[in-house]
Amino acid sequence: RGYIKRMPENTYKTQKRGGKGIIGLTTTENDFVEHLFITSTHDNILFFTNKGKVYLLKAYDIPEGKRQSKGTNIVNLLNLSRNETISAVIPIEDYDPESNLMFITKNGLIKKTAMEEFKNIRKNGLIAIKLKEDDELIAVRKTDGNKEIIVVTSMGMAIRFKEKEVRQMGRNATGVTAIKLKEDDTVVAMDLV
């Protein structure tokens, strides 16, 4: 539902065998945790939306919450437009010139862009990938140039290929075909292998 919070790492402690665990986040009905990562308060966090835009927040700009709190709604922190939702969250310690971001859209288009192109992001966001009218961004992954990519569709089809097969493109590019889709099929996930 778009809630976000930051907590100190020492909130959680190792439990012995037979431990029952502790509540890490209070959610409302039909809500669940989608992204969890460890980062420094001085790191940048990139938020990619289904509309192909990217927003940036410093980790310390995300309000700190208690274990039981649900956090702050992301629309209070980012300038999201109507019907715009977060598709991917990438913590960035530094803008390594060897790193890339790999994008996949609902209609099976893939794009690889150098991490350095996301250094200067304005408060109202930047276009991260140019989308056609009926398309939307599904996933973004940070890569080092040597990974393999798996793309999976809603009808259970999948494809695996080397990242090097996708050439690097600029921020305003649309991308190239990663997988040919059957009628009524859409991409639902992409991950690195």
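- Residue pairs meeting the ring pair (Phe, Tyr, Trp, His ring centres under 6.0 Å) criterion with at least one member in residues 165-189: none, sequence neighbours excluded.
- When the side chain to side chain donor-acceptor pair (under 3.5 Å) test is applied to Ser81, the partners found at least two apart in sequence or on another chain are Glu84.
- Remark: Asp43 engages Thr39 in a side chain to side chain donor-acceptor pair (under 3.5 Å) (not counting sequence neighbours).
- Within the structure, the salt bridge (charged side-chain N to carboxylate O under 4.0 Å, His left out) test picks out the following pairs touching residues 49-65 (sequence neighbours left out): Arg6-Glu64.
- Looking at residues two or more places apart in sequence or on another chain, you find a side chain to side chain donor-acceptor pair (under 3.5 Å) between Thr105 and Asp135.
- The structure places CG of Leu56 at 13.0 Å from NZ of Lys119, a figure rounded to the nearest 0.5 Å.
- For residues 52-92, the ring pair (Phe, Tyr, Trp, His ring centres under 6.0 Å) pairs, not counting sequence neighbours, are His42-Tyr60.
- Arg171 is linked by a salt bridge (Lys or Arg N to Asp or Glu O under 4.0 Å) to nothing, counting only residues two or more places apart in sequence or in another chain.
- For residues 143-158, the side-chain hydrogen bond (donor to acceptor under 3.5 Å, both in side chains) pairs, not counting sequence neighbours, are Thr143-Glu163, Asp144-Lys147, Asn146-Lys164, Glu148-Arg160, Thr153-Asp185, Ser154-Asp185.
- The side chain to side chain contact (heavy atoms under 4.5 Å, CB included) test applied to Ala128 returns Phe48, Val54, Phe103, Phe118, not counting sequence neighbours.
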Side-chain donor-acceptor contacts of residues 72-80 below 3.5 Å, not counting sequence neighbours, with atom names and distances?
unit_1, atom_1, unit_2, atom_2, d
Asn73, OD1, Val75, N, 3.2

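- For the side chain to side chain donor-acceptor pair (under 3.5 Å) test, no residue two or more places apart in sequence or in another chain qualifies with Lys132.
- Evaluation of the side chain to side chain contact (heavy atoms under 4.5 Å, CB included) rule for Thr85 yields Asn50 as partners, not counting sequence neighbours.
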